[in-house]
Number of protein chains: 4
Amino acid sequence: MAVAEPENAPRRRADAIRNQEAIVEAATEVLAEQGTAVDVREIARRSGVGMGTLYRHFPKKEDLIRTVLRQDFSKWAESARQAAIGAEDPWAALTGFYEQALTGYARHRVIVENFALTWSDPDLEGIQQLRLVIEELRAGAADLLRPGVTTEDLLLLLVSLGHAVQLTDECRPLMWNRLLRISLDGLRADHGEPLPVAHRSRSK
Amino acid sequence: MAVAEPENAPRRRADAIRNQEAIVEAATEVLAEQGTAVDVREIARRSGVGMGTLYRHFPKKEDLIRTVLRQDFSKWAESARQAAIGAEDPWAALTGFYEQALTGYARHRVIVENFALTWSDPDLEGIQQLRLVIEELRAGAADLLRPGVTTEDLLLLLVSLGHAVQLTDECRPLMWNRLLRISLDGLRADHGEPLPVAHRSRSK
Amino acid sequence: MAVAEPENAPRRRADAIRNQEAIVEAATEVLAEQGTAVDVREIARRSGVGMGTLYRHFPKKEDLIRTVLRQDFSKWAESARQAAIGAEDPWAALTGFYEQALTGYARHRVIVENFALTWSDPDLEGIQQLRLVIEELRAGAADLLRPGVTTEDLLLLLVSLGHAVQLTDECRPLMWNRLLRISLDGLRADHGEPLPVAHRSRSK
Amino acid sequence: MAVAEPENAPRRRADAIRNQEAIVEAATEVLAEQGTAVDVREIARRSGVGMGTLYRHFPKKEDLIRTVLRQDFSKWAESARQAAIGAEDPWAALTGFYEQALTGYARHRVIVENFALTWSDPDLEGIQQLRLVIEELRAGAADLLRPGVTTEDLLLLLVSLGHAVQLTDECRPLMWNRLLRISLDGLRADHGEPLPVAHRSRSK
DNA sequence: TATGAATGAGACTTCATTCAT
DNA sequence: TATGAATGAAGTCTCATTCAT
């Protein structure tokens, strides 16, 4: 039961697939190490393919970066989702989700470096999936959350704390745990004041 | 308030100072517009000085960026501090401080782009001053804060929310207000659980 | 009219021939549109064959270009020849030949781009055929031509005017007609002066 | 009485001028040898300047080519003009002009390679100057020319013959002289038939 | 000392040709 | 044998930094 492929897709790409994977893998590594400023040749070198091959698969450097971003994002989001699944109760699910997500965040430099992009990229299905997961968690814990907390709030909180993780990862690992606790407490139902109204999107 | 200069400094600093100021001013502008990827020539051009002069004052591009960063940072922090000063009560002071700081954050692209640098730069006095301000606010509102909240927590919260501001500034301005409210509520004294222990800084 | 093939040629040429024809056809199209700078892949794509097949038939890009050039050249020359055939008198034949040839010239980009090549290529039978045609026309109109006019003169005149056609095709179509008239008048017998001596070909 | 320079032009460019000249000189050489397909680095190398310098003076490769084209064109046109000046009578002037122009034509590969560009480039003052020269020659020899011959005709004839020169320069030098004679004879007044009407420019 | 021209290592990308499948 | 993926040497252009004037 392999992943369904379009019937009309061309066959015969065993090595092409292997190469593409090697490129993405190498790119993931290199981007994590050096950020988006890397020389494309370094990626080609580590992939063990020539420049032409790399550019056959990814006509622009940015195409490659996007691909890595999406994949990295998906993996990251999925691991966080898994952490939520095994939880005992809805609140533990939410908490576990954040903990897992944030724990892995610092390792995903591409995500970090491009979150502004990620955030506003409508093509990036990953973020939609993440939204769905969060929405589920929110719905499950609705009784425990203060009224008015939206999925967007929870998503933005995640990203916001992610930044804190990144900053403190080197010098104060786990310090972000305290912020997380504070934020989660702030999300609880026992806060009487409603949240301010979120302004709607400016344009488009 | 001027920076102390060595007594035995050579004369003829008049135009040198004027140049340096022009450079920093132009750099502030340009960096805000285009980020750190700008061509140094653009800065020289807008300053009205030659490349040689620019490099006499700032031997590396990064030196200039740092300088702008410090100054920008100071201005930003100061405006937030002022917002706290006029407040009616300690809690309003803390709230006002965050609001002012975050409102201006998105406009300070250099700060945003370099906060990781800022954060860990021991030479950057600006962050120390900011710490002092926050420490004062924390001390003033100590009774209202849950036990164990440190100045570092408050500082990290600021940076963390700053990131949220940056991400939502274009498409959802003021959405960050909701996160701020949530976090501030989480900081309140009426939460029974103590915060987890912050791990100590890793030895370099 | 088909090109003679060696008797002992291997069988199974059916699809090979079909492929070769498809390649040449596509190449003719593409070269006309984009000139010799086209990517070989574009030709392969339009031919519906793979790169390997293309290179099996034409080991170098230039081989393919040459082939197209020859074929294009032949067609062009033949159409001009036909125009001469139906003429009432020898002079009209000559005139009609030039008019037809020049009218079609601008559409034959490969010829235009490679005439220097064409001109000096001893392998290019096309130019020989063209010479033969012109020679016939010249012989037929010998009485009307000034003494000393050679076939080479007439051929060079054709190419020379062809260049004029190319230059004016876009902005001043048919302006070349005036040049043609001038030249043809200059070729007439009623000019007393003999032509200057043409230097012999330099030994390679 | 040096060439007037704008008063507000910046001074201090002794070496810059020297470099620019060196670049243009080298480019002229290289372009004559290898055509416009040369590697820009080759030009830089021969100029004795770095890539940066070359690109400071000519931000795009085409800018450099254009510059060479213009200069080459001007020199060429000027030498032809000079040949006309010393002539005994108007017809000799016209003849001498063509002879000189065509004699030098083959050496100007950039012109040849780009004449289509040259021809339609309204910024290229060179072609305007050439038009003026030809117009003068035409006016001077008006009595000797068949009625209706325009400056544009004479210009196009020049370019057209230029192409013939280029083609025969290697293998049959001076063969073009015969074509020139033919054409000039065709231009003479003693041809009764008027020339066909030149169609006006299509657009713009 | 101030100027801005010069430097040149590299960045991204293309494409004729080869070769594994 | 046909396919089209792989190759990698070029090619154009940028920009932080140095240096002659």
Side-chain angles (χ1 to χ4, degrees), chain A residues 10-20 23 37-45 47-62 64, chain B residues 10 12 15-16 19 37-45 47-64, chain C residues 10 12 15-16 19 37-45 48-64, chain D residues 10-20 23 37-45 47-64:
Chain A
R11 274 295 142 69
R12 305 188 77 272
R13 1 185 263 237
D15 58 340
I17 291 176
R18 206 164 40 245
N19 273 331
Q20 171 139 354
I23 292 167
V38 266
D39 189 333
V40 181
R41 273 170 295 195
E42 174 64 15
I43 299 175
R45 207 173 302 126
S47 316
V49 306
M51 291 297 293
T53 303
L54 195 154
Y55 272 87
R56 158 179 278 272
H57 290 285
F58 304 97
K60 298 278 173 196
K61 185 187 184 182
E62 180 165 349
L64 177 52
Chain B
R12 289 193 73 275
D15 58 342
N19 274 338
V38 269
D39 192 329
V40 181
R41 275 168 215 164
E42 176 63 17
I43 299 174
R45 207 173 303 130
S47 314
V49 306
M51 292 294 289
T53 305
L54 193 155
Y55 269 83
R56 165 171 297 276
H57 289 285
F58 304 96
K60 297 276 174 195
K61 186 187 186 182
E62 179 163 348
D63 297 333
L64 176 52
Chain C
R12 287 192 73 273
D15 58 342
N19 275 337
V38 269
D39 192 327
V40 181
R41 275 168 219 168
E42 175 64 17
I43 298 174
R45 207 172 302 129
V49 306
M51 293 293 290
T53 304
L54 193 155
Y55 270 83
R56 165 171 298 275
H57 288 284
F58 304 96
K60 297 274 175 196
K61 185 186 185 182
E62 180 162 349
D63 297 332
L64 176 52
Chain D
R11 275 292 145 68
R12 306 187 79 274
R13 2 184 261 235
D15 58 341
I17 290 175
R18 203 162 44 242
N19 273 332
Q20 170 139 356
I23 292 167
V38 266
D39 190 333
V40 181
R41 271 171 295 196
E42 174 64 17
I43 299 175
R45 207 173 303 127
S47 316
V49 306
M51 291 296 293
T53 303
L54 194 154
Y55 272 86
R56 158 178 279 272
H57 289 286
F58 303 97
K60 299 276 175 197
K61 185 186 185 183
E62 180 165 348
D63 296 334
L64 176 51

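Owing to the predicted nature of the structure, the values given are computational and were not obtained by experimental measurement. Every chain is numbered from 1 and lettered A, B, ... according to where its sequence line falls, protein lines coming before strand lines.
Stretches of at least 3 consecutive Watson-Crick or G-U wobble pairs, with each checked distance under 3.5 Å, appear in DNA chain F as E:2-21 with F:2-21.
Checking A/K60 against D/G52, the closest nucleotide of DNA chain E that is more toward the 5' end is the one next to D/G52. Comparing D/A37 and A/L54 by the nucleotide of DNA chain F that holds the closest heavy atom to each, the one mapping nearer the 5' end is A/L54.
Here F/dA2 is the nucleotide among E/dA2, F/dA16, F/dA2 with the atom lying nearest to any side-chain atom of C/D15. Nearest nucleotide to the side chain of C/T53, out of E/dT7, F/dA6, F/dT3: F/dT3. With distances taken from any side-chain atom of D/M51 to the nucleotides E/dA9, E/dA2, E/dA6, the minimum falls on E/dA9. Of the candidate nucleotides E/dA2, E/dT17, F/dT12, E/dT17 has the atom lying nearest to any side-chain atom of C/Y55. With distances taken from any side-chain atom of B/R56 to the nucleotides E/dT1, F/dC13, E/dC12, the minimum falls on E/dT1.
We find that NZ of C/K61 is positioned 15 Å from P of E/dT14, with the value rounded to whole Å. In this structure, CG of B/L64 is placed 15 Å from C1' of F/dC15, rounded to the nearest angstrom. We find that CD of B/E42 is positioned 12 Å from P of F/dA16, with the value rounded to whole Å. Atom-to-atom, CD1 of A/I17 to P of E/dT21 comes out at 14 Å; the value is rounded to the nearest Å. One atom, CD1 of B/I43, and another, C1' of F/dA16, lie 11 Å apart when rounded to the nearest Å. Spacing between atom CG of D/N19 and atom P of F/dA20 amounts to 13 Å, rounded to whole angstrom units.
Distances shorter than 4.0 Å separate some side-chain N or O of D/H57 from OP1 or OP2 on E/dA6.
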Return all side-chain donor-acceptor pairs below 3.5 angstrom for residues 48-62 of chain C, not counting sequence neighbours, or 'none' if the list is empty.
residue: C/H57; atom: ND1; partner: C/Q20; partner atom: OE1; Å: 3.1
residue: C/K61; atom: NZ; partner: C/T36; partner atom: O; Å: 2.9
residue: C/K61; atom: NZ; partner: C/V38; partner atom: O; Å: 2.9

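Applying the salt bridge (Lys or Arg N to Asp or Glu O under 4.0 Å) test to C/R45 and every residue at least two apart in sequence or in another chain returns C/E42.
Among the protein residues, D/D39 comes within range of the nucleic acid bases, having at least one heavy atom under 4.0 Å from a base atom.
For D/R41 and F/dG11, a side-chain-to-base donor-acceptor distance below 3.5 Å is present, hydrogens and geometry of angles not being considered.
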